[in-house]
There are 2 protein chains.
Amino acid sequence: MKTAQADRAEQAVAELLADEGLRFTPARRLVVRALADAPGPLTTGDLHTALRSRLPLSSLYRTLTVLAAARVLAREHDGGGVARYELAEWLTGHHHHLVCLVCGEVRDVSIDPQTEGTIAALVERIAGGAGFEATGHRIDIEGKCAACRRR
Amino acid sequence: MKTAQADRAEQAVAELLADEGLRFTPARRLVVRALADAPGPLTTGDLHTALRSRLPLSSLYRTLTVLAAARVLAREHDGGGVARYELAEWLTGHHHHLVCLVCGEVRDVSIDPQTEGTIAALVERIAGGAGFEATGHRIDIEGKCAACRRR
DNA sequence: ATAGCACTGATAATCATTCTCATTCTCGTT
DNA sequence: AACGAGAATGAGAATGATTATCAGTGCTAT
């Protein structure tokens, strides 16, 4: 994420937290920045490494839980069942994931607005047919990433 | 799943297992049948209940692991991070999921072949643009299920 | 019938994650 | 500038889902 953009995002995060009586502490800022710089959702272990153990695991876990509850972060689970976190879509924009079945890496991809419109329409149609009220969708493309293909 | 179809499916499962030197035992048959009758992927707990505790948890877990390794079952993880199992797509056909964010239920949905073709094409395009070799995709439609909407 | 290997089920062990709690920090108020 | 309330931190214990271990059982093929 570029810095001007990142500053605005952090400002927005600070305000959102303040509204809930929470503070945007150094630890939380560290986590938000690490995730803003990541190419895809990170596990708690990834973050612990990325932050060079600057926050103890117990604090990191709590920070992630708090930020996810405040909707600053989104949490999902990878193929092994371990949690991965990324900035919520209101901060990053809507996107999907390329999931490498060999190395386990998950990378963000955006889709052009027109295609995304097509998808949204068919999601509505499918959901409606089942009496389901759709509020969002998630697409994971599974396969082999560029790095693993070379090997 | 209808019975004639189910019989053929079980036959295919038995052969696949035999090829790997494994047996299609009563416990495994029980699990495959329970999943064939389910409207969507089940957690280990769901299965334990559905089978009225007829297999002890340790056996159930091992059975699921073995069947997934043999590609009879597919394993995924729900929003809470707990594992869910369903019959592999070569047995059920390709499909996607409606995920209720209120009650957590996951239900299968199929998409008409034409729409699925459209999706496959755009998945290829997106993946190709990132040097990624796509072998499959998964779409989760998130929202509120019919039952939860009524409440 | 017998040996060899797969299977079962009870139990122990593991791993990610959450909880508890004493301490420290921040910020608004005197 | 000191104070007090609530929020945040970090160490360690506790939990819950899942996996590994192992002794005993049962198929199956020669």
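Chain letters run A, B, ... following the sequence lines, proteins first and then strands; every chain starts at 1. Because only heavy atoms are used, hydrogens play no part in the values below, and waters and symmetry mates are left out as well, while side chains stay in.
The side chain of A:Thr25 approaches D:dA8 more closely than any other nucleotide in the set C:dT17, D:dA8, C:dT8. Residue A:Thr44 has its side chain nearest to C:dT17 when only C:dT17, D:dA8, D:dA17 are considered. Of the listed nucleotides (C:dC5, D:dT19, C:dT8), C:dT8 has the atom at the smallest distance from the side chain of B:Thr63. Side-chain proximity of B:Arg75 to the nucleotides D:dG10, D:dT19, C:dT17 is greatest for D:dT19. The side chain of B:Pro56 lies closest to C:dA10, out of D:dT19, D:dT9, C:dA10. Nearest to the side chain of A:Ala83, among D:dT9, D:dT19, C:dT17, sits C:dT17.
C:dG9 atom P lies 12 Å from atom CZ of B:Arg54, rounded to whole Å. Computed from coordinates, the A:Arg28 CZ to D:dA8 C1' distance equals 6 Å when rounded to whole Å. Rounded to whole Å, the distance from NE2 on A:His48 to P on C:dA16 is 12 Å. The CG-C1' distance, from A:Leu60 to D:dA8, rounds to 14 Å in whole Å. Atoms CZ (A:Arg84) and P (C:dA16) sit 13 Å apart, rounded to a whole Å. Atom CZ of B:Arg29 and atom P of D:dC27 are 13 Å apart (whole Å). Between the P atom of D:dT19 and the CG atom of B:Leu67 lies a distance of 13 Å, rounded to the nearest Å. Rounded to whole angstrom, the span from the CG atom of A:Leu57 across to the P atom of D:dA14 amounts to 19 Å.
Side-chain contact between A:Val31 and A:Leu51 is present, with heavy atoms from C-beta onward closer than 4.5 Å.
Contact annotation for B:Arg62: base contact, defined as any heavy-atom pair under 4.0 Å involving a base atom. Contacts of A:Ser59 with the nucleic acid, taken as non-hydrogen atoms under 4.0 Å apart, include base atoms. Contact annotation for B:Gly21: backbone-only contact, meaning every heavy-atom pair under 4.0 Å involves sugar-phosphate atoms and none involves a base.
B:Asp140 and B:His96 form no side-chain donor-acceptor contact under 3.5 Å, judged by distance and modelled atom types alone.
In this structure, A:Arg84 contributes its side chain and A:Asp78 its backbone to no donor-acceptor pair below 3.5 Å. Counting only distance, with no hydrogens or angles, the side chain of A:Arg149 and the backbone of A:Lys144 share no donor-acceptor pair below 3.5 Å.
Between C:dT18 and A:Tyr61, no contact under 4.0 Å exists linking OP1 or OP2 to a side-chain N or O. The side chain of A:Thr65 places an N or O atom within less than 4.0 Å of a non-bridging phosphate oxygen (OP1 or OP2) of C:dT18.
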Checking B:Arg151 against B:Val102 for the side chain to side chain contact (heavy atoms under 4.5 Å, CB included) test, could you report, in this order, the C-alpha distance in whole Å, the side-chain angles of both residues, the deciding distance, and whether it holds? CA-CA 11 Å; B:Arg151 291 193 205 110; B:Val102 178; 5.7 Å; no

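The nearest heavy atom of DNA chain D to B:Ser58 and to B:Arg23 marks one nucleotide each, and the one closer to the 5' end goes with B:Ser58.
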